[in-house]
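Encoded as structure tokens, the structure appears first; notes follow it.
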Amino acid sequence: MRRTEIKILLQRTDFGQLINVKGWVRTKRASKNVAFIALNDGSTLKNVQVVVEINDQNKDILERIHSGASLSVDGILTESLGKGQKVEINAKNIEILGEANPEEYPLQPKKHSLEFLREKAHLRFRTNTFSAIARVRHAMIFAIHQFFNERNFYNIHTPIITGSDAEGAGEMFQVTTLNLENIPKNDEGKVDYKKDFFGKPANLTVSGQLEGELAALALSKIYTFGPTFRAENSNTTRHLAEFWMIEPEMAFYDLDDNADLAEEMLKYVIKYALDNCMDDLEFLSKRQQEEEKNKKADERSMELIEKLNFILAEPFIRITYTEAIKILKNSKPNKKKRFQYIIEEWGADLQSEHERYLVEKHFKRPVILTDYPSSIKAFYMKQNEDGKTVRAMDVLFPQIGEIIGGSQREENFEKLQAKIKALNIPESSMWWYLETRKFGTVPHSGFGLGFERLILFLTGMTNIRDVIPFPRTPQNLEF
RNA sequence: GCCUCCAUAGCUCAGUUGGUUAGAGCAUCUGACUGUUAAUCAGAGGGUCCUAGGUUCAAGUCCUGGUGGGGGCGCCA
């Protein structure tokens, strides 16, 4: 008999039909004559209740069923007598596909710590929290592609292995087929990369932006959505060595157009989650409230769904770096020296505490900061007339900080070339990038959205290692 | 990379000023119960108190090193 997914089954009302379900046991409750099995197949957060009349034939099977076991159940779709659900299954035949020894199976029908589950990453999909996150994550992947597709953006696959070592977005993982136990050396005693796979040093990409720009300067509007690798020794709740990034790049867009798109996209995907993932969001909301119940009232987060609706309701604040510095300089924590880093003068790099003050205390809304000092931003950003600032933008969200970083790109050949020289970036490695400014250059803009940071915000989780199935962080590569 | 906190039963945690036999809930096992909702009730088993040293009459508790983990900061998405 063909399997019916629990998500579908729970919506059916054609009671009396014989059906088949397959899934994993969450709990089993037994009394003398009847047993109840909560079965979950991951198609939805919800379980289906399998009702078993205990008799001599099924007694042995029932004793072998524990949390975590996988079953195939044939039974009659029935209107439930109990209170917790409308639909249930009266089991006619139960087959155990795989037992789960209760003495060894680590997941119990109870609350586990996220730290514990992180060490059981191979099984944590089977919990409500992690299956909910996985479903929301999928919905966001889908919503992002749909958002761009509806707006005539083309998805571009930019390379994962890159020969460019000048992207400036951070430390890179080197890719090599050289034998590290016996590295070939050249006449100067240095590594002979001519013997390596590509004949030159290769790395994993830290950004698809530069290649994305090449495509945008022909297709007008493109986006990338791919894995990104940073070999930074970052030990925080919001950094990964391997993460997924969405990078749209648009010809003929200035910084304002860029900020408009960023805000529209964030609101679109959040609305998509509210429209399509309500079961999971409600569960994640309860989970968050449960986790924060011991916190003081003023330290608790806004309720998750309320928070998401709140983001949709208001326009993001847009101010320049210069205006932000003024606000921060005059702020209470700055005057009372509560900030760890006191804002003294224009040009200072903003720390997390400053960004959080602006978003969480001062404006109480997402903030788009623009026009940063050129000294603290990347070489490719468009230089402003003032000679001091660049057309950069950071989108700052409550709790998670920087969710998007972007800019209008420098399209002027001479200015870009001068900047590359000034920063000692080898021009030989950037010739193809520079040529786009030589031939038919146009104003263009783009940004990078950290996908896992978006998922953090949407799920109310606080550690980025819990919103990607298999997190890669320094000293951690178990799964 | 820097700072900080934590490690007690399979899991979550309590364990007083260092004091005699280390506890609870859940899970497991046994029994009871005709429909339960992380079922309930009764009972049982389950411990290298992370590890190696040290202080002390006495260490789960204090000190030092190690290991593992959490959080904060920096880098950034």
(message) Under 4.0 Å, counting only non-hydrogen atoms across every strand here, what does A/Q49 touch: a base, just sugar-phosphate, or nothing?
(response) base
(request) Could you please name the option among B/rG35, B/rC73, B/rC76 that lies closest to any side-chain atom of A/L81? (result) B/rG35
(message) I'd like to know if A/R238 reaches the base of B/rA77 with its side chain such that a donor and an acceptor end up less than 3.5 angstrom apart.
(response) no
(message) Is A/S31 close enough to B/rG35 that one of its side-chain N or O atoms is under 4.0 Å from OP1 or OP2 there?
(response) yes
(request) Taking Watson-Crick and G-U wobble pairs with both distances under 3.5 Å, convert RNA chain B into its dot-bracket string, 5' to 3', dots for unpaired and | for cross-strand pairs. (result) (((((((..((((.....[...)))).(((((.......))))).....(((((..]....))))))))))))....
(message) Check this one for me: any side-chain N or O of A/T228 less than 4.0 Å away from OP1 or OP2 of B/rA77?
(response) no
Would you list the protein and nucleotides 28-31 of chain B atom pairs, both N or O, that sit under 3.5 Å from each other?
residue: B/rU28; atom: O2'; partner: A/E103; partner atom: OE2; Å: 2.4
residue: B/rC29; atom: OP1; partner: A/H66; partner atom: NE2; Å: 3.0

(request) Examine the side chains of A/Q209 and A/Y380 and answer whether a donor and an acceptor come within less than 3.5 Å of each other. (result) yes
(request) Kindly say if A/R29 contacts the phosphate of B/rC33, meaning a side-chain N or O under 4.0 Å from OP1 or OP2. (result) no
(request) Scan residues 241-250 of chain A against RNA chain B and write down, sorted by residue number, each residue with any heavy atom closer than 4.0 Å; if none is found, say none. (result) A/F243, A/M245
(message) Could you work out, with side chain to side chain donor-acceptor pair (under 3.5 Å) as the rule, every residue matching A/T4, not counting sequence neighbours?
(response) none
(message) Quick check against the 3.5 Å criterion: does A/E232 have a side-chain atom that pairs as donor or acceptor with the backbone of A/E171?
(response) yes
(request) Considering just the side-chain nitrogens and oxygens of A/T27, establish if one lies under 4.0 Å of OP1 or OP2 belonging to B/rA39. (result) yes
(request) Using the side chain to side chain donor-acceptor pair (under 3.5 Å) rule, collect all pairs that involve residues 334-347 of chain A, keeping only residues at least two apart or in two chains. (result) A/T322-A/W346
(message) Can you build the contact string for nucleotides 1-7 of chain B? Use B for base contact, S for sugar-phosphate-only contact, and - for no protein heavy atom under 4.0 Å.
(response) B------
(request) Return yes if some donor-acceptor pair links the side-chain N/O of A/H145 with the main-chain N/O of A/F142 below 3.5 Å, else return no. (result) no
